[in-house]
2 protein chains.
Amino acid sequence: MGEGVEWGLHCCVTLAWLREEGPVPIRRLAAWFDLPQEYLKKRLQALARAGILASTPGVRGGFSLARPPERITLMDVVTALQGPLEPFRCDEIRQRGVGGEGAGSEFARPCGISTAMRRAELAWRRELAAQTIADLMAHAPAGAERTRRNYSRMTG
Amino acid sequence: MGEGVEWGLHCCVTLAWLREEGPVPIRRLAAWFDLPQEYLKKRLQALARAGILASTPGVRGGFSLARPPERITLMDVVTALQGPLEPFRCDEIRQRGVGGEGAGSEFARPCGISTAMRRAELAWRRELAAQTIADLMAHAPAGAERTRRNYSRMTG
DNA sequence: GTCATACTACTCGGATAACATATGTCCGAGTAGGGGTGG
DNA sequence: CCACCCCTACTCGGACATATGTTATCCGAGTAGTATGAC
């Protein structure tokens, strides 16, 4: 799917824990997870364009959550990072070639394969939309305190 | 995900409808859907390696279903064509860098992000595993007769 | 007429390129803080 | 001492290379049918 999705999710949780501290620059986040700084920036910019993160320029700038963690679902993050994945378009293939000749009104209804695939994809999205960043925070309660402590100790 | 998945699915349904006719060569299937013949062969070879299709060489050879359609799920086809997609491995990133310092036993349990993503993926797989090729056939009952008629009329 | 044999045409099988997308890197525009200078 | 202004350092923002996976293509190995010739 793309590794940047995982990074974006982790960064969102971390930003939620550091919400009191103000904007967090990419430099800190990259060192935090030991990730390539420039590419991580690119991904977080995509999140900012989607309205999930807010970016503040300047010397004390950085990225911060644009909404409270309860209102950011995993679906939002995934959609923003990998784009709205195109659904199966079976109608294109099934009525080409000789196979579709004389089909008449059979192709009026949507393709069964398309329907089945879409149903599965919908289940996936539903699960993703049911979880928020706040839920992830609640999953590791000790992380909040540890994150703030480690963050204040960071030198760079 | 890959367009070949859609092609493989359509070919499986067609092969199920033509099960009485014996093996169907790639040449016919490619003309059937107007698809690139060589690449379609590659994908069907993958399905054969997975034990979903049976390939018979020789001048009257071709591909045919290795199992009855009721025992082939969409999950089988998808897994065979795109490989067993690697699950989220968040543990790699979250305990790198300075962010994970002093985490103690917090990282003993699996990462919450990993869990949430896996749950969504599982819902997707469950939907795919619940549908079989036979279900897709039942979705378009008229297709069986049309397919057999068009197939016997094919010249090439 | 029948059988064995060599041939041919067609199939699958895997190794090899072309392309797309995801990943990684670079330099420029803009802002806020800090220091210097004049009042 | 205070206010104003310039300067620097740091940030984000988008444009530019590289790597990996998907799509497309090629040639070789093998098999079954078929024609041919001998018996």
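Protein chains get the first letters and strands the later ones, always in sequence-line order, with residue 1 at the start of each.
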Asks: Between A/Q45 (CD) and C/dG24 (C1'), how many Å, whole number?
Replies: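 Rounded to the whole Å, the gap is 14 Å.
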Asks: Could you tell me the separation between the CZ atom of B/R60 and the P atom of C/dT11, rounded to a whole number of Å?
Replies: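 So the CZ-P distance, B/R60 to C/dT11, works out to 11 Å.
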Asks: How long is the gap from CG on A/L40 to CZ on A/R43, to the nearest 0.5 Å?
Replies: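 Reported value, rounded in 0.5 Å steps: 10.0 Å.
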Asks: Between A/S114 and A/R118, do the side chains contain a donor N or O and an acceptor N or O under 3.5 Å apart?
Replies: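 Indeed, the side chains of A/R118 and A/S114 share at least one donor-acceptor pair under 3.5 Å.
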Asks: Quickly work out the A/Q82 CD to C/dT21 C1' distance and round it to whole Å.
Replies: 12 Å
Asks: Can you measure A/K41 atom NZ to D/dC10 atom P for me and round it to whole angstrom units?
Replies: 14 Å
Asks: How close or far is atom C1' of D/dT20 from atom OH of A/Y39, stated in whole angstroms?
Replies: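 About 12 Å, once rounded to whole Å.
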Asks: When only distance counts, do a donor and an acceptor, one from the side chain of A/K42 and one from the base of D/dG14, lie under 3.5 Å apart?
Replies: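 Flag unset: no donor-acceptor pair detected.
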Asks: Looking at C/dG24, C/dG33, D/dG14, which one has an atom nearest to any side-chain atom of A/W7?
Replies: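 So the side chain of A/W7 is nearest to C/dG24.
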Asks: B/R49 or A/L40: which one's nearest nucleotide on DNA chain C is closer to the 5' end?
Replies: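 It is B/R49, whose closest nucleotide lies nearer the 5' terminus.
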Asks: Nearest whole Å is fine: how far is C/dC10 C1' from B/F63 CZ?
Replies: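 The answer, rounded to whole Å, is 14 Å.
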Asks: Between A/E106 and B/R146, is the closest basic N to carboxylate O distance under 4.0 Å?
Replies: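 Yes.
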Asks: Taking the six-membered ring of B/Y151, is the NZ or CZ of B/R28 close enough (under 6.0 Å from the centre) and on axis enough (within 45°)?
Replies: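 Positive - B/R28 is close enough to the ring of B/Y151 and near enough to its axis.
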Asks: Considering just the side-chain nitrogens and oxygens of A/S55, establish if one lies under 4.0 Å of OP1 or OP2 belonging to D/dT11.
Replies: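 No.
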Asks: What is the distance, to the nearest angstrom, from the CZ atom on A/R28 to the P atom on D/dC10?
Replies: 12 Å
Asks: Quick one: does A/R71's side chain have a donor or acceptor within less than 3.5 Å of a partner on A/T132's backbone?
Replies: no
Asks: What is the distance, to the nearest angstrom, from the CD atom on B/E38 to the C1' atom on D/dC27?
Replies: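 Checked: the CD to C1' distance equals 10 Å.
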Asks: Give the nucleotide from the list C/dT25, D/dC10, D/dC12 with an atom nearest to the side chain of A/V59.
Replies: D/dC10
Asks: Considering only D/dG13, C/dG24, D/dA24, which nucleotide approaches the side chain of A/P36 most closely?
Replies: C/dG24
